[in-house]
Amino acid sequence: MDKQTDFVLRTIEERDIRFVRLWFTDVLGTLKSVAVAPAELEGAFAEGLGFDGSAIEGFARVYESDMLAKPDPSTFAVLPWRSEAPGVARMFCDILMPDGTPSYADPRYVLKRALSRAADMGFTFYTHPEVEFYLLKGLPSESPPEPVDHYGYFDNSPQSVGYDFRRQAITMLEAMGISVEFSHHEAGPGQQEIDLRYADALTTADNLMTFRTVVKEVAIEQNVYASFMPKPFRDAPGSGMHTHVSLFEGDRNAFHEAGAPYQLSKVARSFIAGLLEHAPEYTAVTNQWVNSYKRLNGGAEAPAMVCWGHNNSTALVRVPMYKPAKGNSTRIELRSIDSACNPYLAFAVMLAAGLKGVEEGYELPPGAEEDVWSLTAAERKAMGIRPLPDTLNQAIGEMERSELVAETLGEHVFDFFLRNKRADWQDYRRQVTPWELERLLPTL
């Protein structure tokens, strides 16, 4: 028995943990959970816990349904919102086939494969997400949604629901070992932002799945609900997950080069070029919902164009202000990604696109320092600025033709994801919206 496994078993006994939830995600990023008794854990660590994979979105067909969920002891944490005795803990799982080999349908394994490829090139991939979401009154089924307040960006709101909510959510996250860097009220009414501290991409993806659960649990306790829907209000900003990324070689930031423009090394410049070149191909993964494209095309600071800039909040990739004395802080920020994405798949395709640029030595095009939304279509074309897909349907078409995304996700996940998103689009196309009824029903 290794040290981590022994630590988990001893902690469970010492803290009187009676239930352990084993967590994993399906291909769409929905969290799945099964509770086991502590007595079953040794067997689960050794062999995995069997379950019917055909009942999980994208995992297996009926005739190959047997799968195993094997807990990762390094992800053990006690759930702080279950403070009453007996205690409850959780661990993330890797999904295995009956013969013990990794399941190609497991999103966590998709990211592990991408990280392994980066490691073969000498890199560790770090990510730092800024997660936006809305707090709303009532129940999710109630329409229209009503925000809990009408404060704006960085507003001090000491007696609002959002203020107490952020304090409680951060306390719970930190109790689970998830470090928070910043939190504040965002620009939309009832909109919040909580930024997680830098970590390796696998840890960050696990933390994001925990983050969503904590946020929703705290909201329920405060008689409101939280939504990561990309664009719940027509006239308010959407919710994104601007993600800062960097590559390290050991303790050295491979993105940093002292004296270079913006302190960006050749590796960083080629990584950005890869993100730009392949952006239309991976957008269906980073922005997988029909509603995602209402955020991307909603103006304001949402990125709808493939370009980069220094401190340009309308660009797809932003290079934040550098600190000359802190080379390890050099990083880049991808601004298109949704806070409602599957983080395992999103980080995998982002990393693959960037590494492709590094491997092939892509040249970084000129940056855009203007407000991209203020340019005309002709001006954008003259500058070589392409649009991102503006509907899920367009994004699906770009993804279908992408060898990079197919290779990164693997055939099983790639095919299922496309089938599921095509079905989403076809269902959406058949809807008769309130806008149509309001505009057309009385006059036609």
Side-chain angles (χ1 to χ4, degrees), residues 22-34 47-72 92-120 125 201-202 205-206 208-209 278 280-289 292 337-338 340-353 355-356 392-393 395-427:
L22 304 185
W23 285 1
F24 58 94
T25 66
D26 66 16
V27 171
L28 300 179
T30 303
L31 186 66
K32 301 295 179 179
S33 176
V34 56
E47 301 173 358
L49 182 76
F51 70 98
D52 179 5
S54 67
I56 305 295
E57 283 276 24
F59 266 27
R61 291 162 289 197
V62 171
Y63 58 82
E64 54 185 18
S65 60
D66 290 339
M67 289 185 145
L68 299 168
K70 189 170 184 180
D72 178 348
F92 283 95
C93 293
D94 293 308
I95 305 303
L96 309 177
M97 302 305 290
D99 63 1
T101 59
S103 166
Y104 285 92
D106 179 10
R108 205 166 185 261
Y109 182 58
V110 170
L111 178 54
K112 282 186 169 184
R113 285 203 315 268
L115 295 174
S116 177
R117 186 160 167 271
D120 290 343
F125 184 49
L202 182 63
D206 288 342
L208 282 168
M209 296 308 301
H278 298 286
E281 303 167 40
Y282 63 71
T283 295
V285 179
T286 55
N287 307 84
Q288 66 167 293
W289 309 105
S292 299
I337 184 170
D338 281 348
C341 70
N342 181 333
Y344 301 101
L345 301 187
F347 289 166
V349 295
M350 289 162 54
L351 176 59
L355 289 181
K356 185 73 170 177
L392 179 61
N393 189 44
I396 292 167
E398 294 284 355
M399 179 175 162
E400 280 178 320
R401 296 186 288 273
S402 175
E403 291 183 11
L404 177 81
V405 176
E407 180 183 333
T408 303
L409 298 185
E411 181 182 358
H412 182 102
V413 172
F414 183 75
D415 288 346
F416 172 82
F417 192 93
L418 284 172
R419 285 199 309 274
N420 182 276
K421 293 298 122 185
R422 284 194 208 100
D424 268 4
W425 179 253
Q426 291 304 323
D427 188 43

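- Every residue meeting the side-chain hydrogen bond (donor to acceptor under 3.5 Å, both in side chains) condition with D424, not counting sequence neighbours, appears here in chain and number order: K421.
- Side-chain contact between Y344 and V110 is absent, with no heavy atoms from C-beta onward closer than 4.5 Å.
- The main-chain N or O of M399 is never found under 3.5 Å from a side-chain atom of S402 such that the two would form a donor-acceptor pair.
- Residues F92 and M209 form a side-chain contact, since some pair of their non-hydrogen atoms from C-beta on lies under 4.5 Å apart.
- Side-chain contact between F414 and E411 is absent, with no heavy atoms from C-beta onward closer than 4.5 Å.
- For the pair F417/N342, no side-chain contact is recorded, criterion being any heavy-atom separation below 4.5 Å from C-beta on.
- Here the rule is side chain to side chain contact (heavy atoms under 4.5 Å, CB included) with I337, and of V285, T286, N287 only T286 fits it.
- Side-chain atoms of R117 do not come within 3.5 Å of backbone N or O of R113 as any donor-acceptor pair.
- Under a 3.5 Å cut-off, the side chain of D106 and the backbone N or O of R108 do form a donor-acceptor pair.
- A side-chain donor-acceptor contact under 3.5 Å links T408 to the backbone of L404.
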Query raised in the report: W289 and D338: side chain to side chain contact (heavy atoms under 4.5 Å, CB included), yes or no, with the steps?
Result: CA-CA 9 Å; W289 309 105; D338 281 348; 4.3 Å; yes
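- In this structure, V27 and N420 have side chains that are not in contact, with every pair of non-hydrogen atoms separated by 4.5 Å or more.
- In this structure, the separation between CZ on F51 and CG on L68 is 8.0 Å, given to the nearest 0.5 Å.
- Between R422 and E400, at least one side-chain nitrogen of the basic residue sits less than 4.0 Å from a carboxylate oxygen of the acidic one, meeting the salt-bridge criterion.
- Y109 has its side chain out of reach of D94: every pair of non-hydrogen atoms, C-beta onward, lies at least 4.5 Å apart.
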